[in-house]
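Here the structure comes first, spelled out in structure tokens, and everything after it is commentary.
Just so you know, these numbers come straight off a predicted model, no measurement behind them. Counting starts at 1 for both ligands and their atoms, following the listed order.
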Amino acid sequence: MEIPLSPLDFARRARRLYGNREAVVDLGQRFTYEVFSDRCDRWSAVLQSLGIRQGDRIACIALNTHSQLESFYAVPQLGAVLVPLNYRLTPQDFAYLIQHSGSRLVCAHSDYLDALDSIRADIPDVEHFVSFEGARPGWLDYEHLIARTPPTFKRPEIGENDLLTINYTSGTTSRPKGVMITHRNAYMNVVGTLLHFPMTSADRYLWTLPMFHANGWTFVWTVTAVGGSHVCLRKVDPRTAFAVINDESVSGLCAAPTVLISLANAPEELRRSARRGVRVLTAGAAPAAATIQRVEDELGWEVTHIYGMTETSPFISVCESRPQHNALPPQQRATIKARQGVELITSGELRVIDSNGCEVPRDGETMGEIVARGNIVMSGYFRDPEATAHALRGGWMHTGDVAVVHPDGYIEIRDRLKDVIISGGENISSLEVESILVTHPAVQEAAVVGMPHEKWGEAPHAFVVLKDGARVTEKELRDFARRSMAHFKVPAVFTILEELPKTATGKIQKYVLRSGRAAIARQ
Ligand code: ADP
């Protein structure tokens with residue numbers, strides 16, 4: 001038999017086997033799998049009654065809440081495609097992504113209704129606006145619709161290669177790209193995750209990672225697959241996170257290294273009373289060995305390090321623990337855990353190749369680009385065949401990440417070919433920030449690079465050259481940036497240079513900027 005692989009099947013199973021168990025907890029609201037599934041079906045029925053059909057896109061701008069989670073089931077089971085957007089973006093970014101995805105319906109939490117109302121003229125193709133929390137003129141009320149609509153709708157045939165979600169990611173170009181994830185992609189990532197990070201129905205998973213981020217690294221379905229409980233968290237600050245971890249008996253979570261750092265550096269009294277034994281999956285940026293060690297030693301948690309990208313659903317490698325690792329002293333063990341590791345059982349083949357396409361030797365020194373091929377690789381970038389062909393050239397997903405391979409076959413990321421800055425787990429396109437900075441009337445040229453940052457791991461640092469005779473202060477540039485881009489993209493430092501270091505062919509030498517050797521302008 002051949003039944004299409006789809007994460008929706010996990011929900012079917014969970015409802016049957018774990019109907020009475022807690023599916024989701026969100027600010028005191030608790031739904032069993034039976035109630036949760038019924039709500040998903042009602043939401044599907046609502047969408048169908050609004051005219052949403054197979055293949056239609058639906059954009060969602062929401063914090064980690066039960067309604068956001070419900071959308072990860074209700075939309076795909078109609079054969080429609082969920083487009084979860086990063087809520088930290090600006091209204092102009094929302095407009096671009098909603099238009100680019102061709103979304104017919106937008107749903108949002110109360111924090112984002114004003115932003116969406118301000119761009120209505122720019123998103124003429126959106127037919128319906130749904131407010132997740134409460135009524136408002138011009139918005140349909142989610143809870144009201146769900147309450148009055150019976151859970152019956154027509155289920156279409158869904159193929160495993162049909163689109164499940166479109167996840168926008170900052171690529172190396174200034175415009176974000178829509179990563180098309182299929183039902184099959186997500187299914188494979190869920191299964192692989194559970195093989196390397198096993199969970200059961202007793203697990204209680206805390207939503208520290210935003211659900212919009214590569215579908216919460218597919219945990220929106222992974223937790224359901226085992227009948228575990230989704231514990232929602234709208235905002236991650238250490239005090240709230242530790243309180244919820246203790247009160248809800250949380251057993252696992254996913255977090256970018258920056259979140260781990262903030263938890264590991266929380267006030268002593270919070271750390272001392274923190275629940276022990278929590279299993280943490282970290283990815284999104286390279287965690288320092290010291291961070292891993294602190295989390296393991298001081299909190300008594302167990303860290304699993306994974307690497308991936310939105311384009312690969314997202315997991316490509318896991319730092320699989322071997323018996324010999326456990327025998328090592330803590331510091332050495334943490335150093336090994338900080339490596340990105342080996343391919344997952346289900347992720348397919350991973351190679352590190354040189355510029356001729358040959359695998360680099362396992363010497364822990366020779367660097368090459370990580371490429372991957374397997375069932376977790378996206379079907380392509382939405383409405384961007386050129387970028388798709390480039391990323392998937394030669395039948396391999398080119399990650400733009402540079403690594404060495406150690407003698408034991410474990411990879412370790414050392415650099416990045418792509419012009420992306422990863423700050424606190426958020427991707428920032430340096431090109432995008434540059435293209436905004438040069439719209440300032442005093443700025444002639446701008447170059448943005450990632451610099452090490454204590455809190456965010458890496459943060460954008462802007463180097464600008466002013467127009468002849470122009471004058472501007474750092475503060476004016478910062479204020480301008482804050483008005484013009486999402487706040488997480490605003491450079492942490494601005495430096496005004498006489499000129500940008502360039503090659504003979506005019507290419508900006510970003511490595512010179514990173515080294516701090518560029519000549520600073522005297523104003
Ligand atoms: P995600 O952050 O969910 O992994 P993104 O598509 O936002 O996915 O970012 C992917 C990029 O993040 C990778 O190409 C890589 O540069 C970086 N990255 C992800 N995980 C790691 C990791 N464990 N170590 C180092 N870099 C990582």
Check your understanding: So is Gly308 polar-close to ligand 1, meaning N/O to N/O under 3.5 Å?
Key -> yes

Check your understanding: With ring centroids as reference points, do Tyr87 and Phe94 lie under 6.0 angstrom apart?
Key -> no

Study note, to complete from the structure: The closest protein heavy-atom partner of atom 11 (C) of ligand 1 is Ile422 CD1, 3.7 Å

**Study point:** Interfacing atoms of ligand 1 (cut-off 4.0 Å, heavy-atom, His305)
**Key:** 22 (C), 23 (N), 24 (N)

Check your understanding: Passes salt bridge (Lys or Arg N to Asp or Glu O under 4.0 Å), Lys510 versus Glu434? Steps please.
Key -> CA-CA 13 Å; Lys510 289 205 165 172; Glu434 288 160 7; 2.7 Å; yes

Review point. Looking at ligand 1, does any of its N/O atoms fall within less than 3.5 Å of an N/O of Ile306?
Key: yes

Study note, to complete from the structure: Residue, atom and distance of the protein heavy atom nearest atom 13 (C) of ligand 1 read Asp401 OD2, 3.2 Å

Practice item. May I ask you to identify, for Gln340, whether its side chain, its backbone, both or neither come under 4.0 Å of ligand 1 on a heavy-atom basis? Key: side chain

Revision key, fill the gap. So for Ala285 against ligand 1, with non-hydrogen atoms under 4.0 Å, the contacting part is backbone

Point to revise | Geometric class of the Phe132/His109 ring pair [parallel <30°, tilted 30-60°, perpendicular >60°] | key: tilted

Check your understanding: Who's the nearest protein heavy-atom neighbour of atom 25 (C) of ligand 1, and how far?
Key -> Ala286 N, 3.2 Å

Exercise for review: Using a strict cut-off of 4.0 Å, indicate which atoms of ligand 1 neighbour a heavy atom of Ile413.
Suggested key: 25 (C), 26 (N)

Revision key, fill the gap. Ranking Gly341, Gly284, Cys319 by closest non-hydrogen atom to atom 20 (N) of ligand 1, top hit is Gly284

Review point. How far apart are the C-alpha atoms of Phe219 and Tyr205, what are their side-chain angles, what is the distance that settles it, and do they pass the ring-ring contact (aromatic ring centres under 6.0 Å, His included) test?
Key: CA-CA 9 Å; Phe219 274 71; Tyr205 174 83; 4.9 Å; yes

**Study point:** Contact (N/O only, under 3.5 Å) between Lys418 and ligand 1
**Key:** yes

Exercise for review: Ignoring hydrogens and angles, tell me if any N or O in the side chain of Ser347 forms a donor-acceptor pair with the backbone of Glu343 under 3.5 Å.
Suggested key: no

Review point. Which part of Thr310 is near ligand 1, with near meaning a heavy atom under 4.0 Å away: side chain, backbone, both or neither?
Key: both

Exercise for review: Can you sort out which atoms of ligand 1 are near Asn427, meaning under 4.0 Å from one of its heavy atoms?
Suggested key: 5 (P), 6 (O), 7 (O), 9 (O)

Exercise for review: Sort and list the pairs that fulfil side chain to side chain donor-acceptor pair (under 3.5 Å) and have at least one residue in residues 357-376, not counting sequence neighbours.
Suggested key: Arg184-Asn375, Asp363-Thr366

Review point. Hey, does the side chain of His487 reach the backbone of Arg482 with a donor-acceptor pair shorter than 3.5 angstrom?
Key: yes

Review point. Is the gap between the ring centers of His406 and Tyr410 under 6.0 Å?
Key: no

Point to revise | Greater than 12 external heavy atoms within 6.0 Å of Arg276's CZ | key: yes

Practice item. Just jot down the ligand 1 atoms closer than 4.0 angstrom to any heavy atom of His213, in number order. Key: 1 (P), 2 (O), 3 (O), 7 (O), 8 (O)

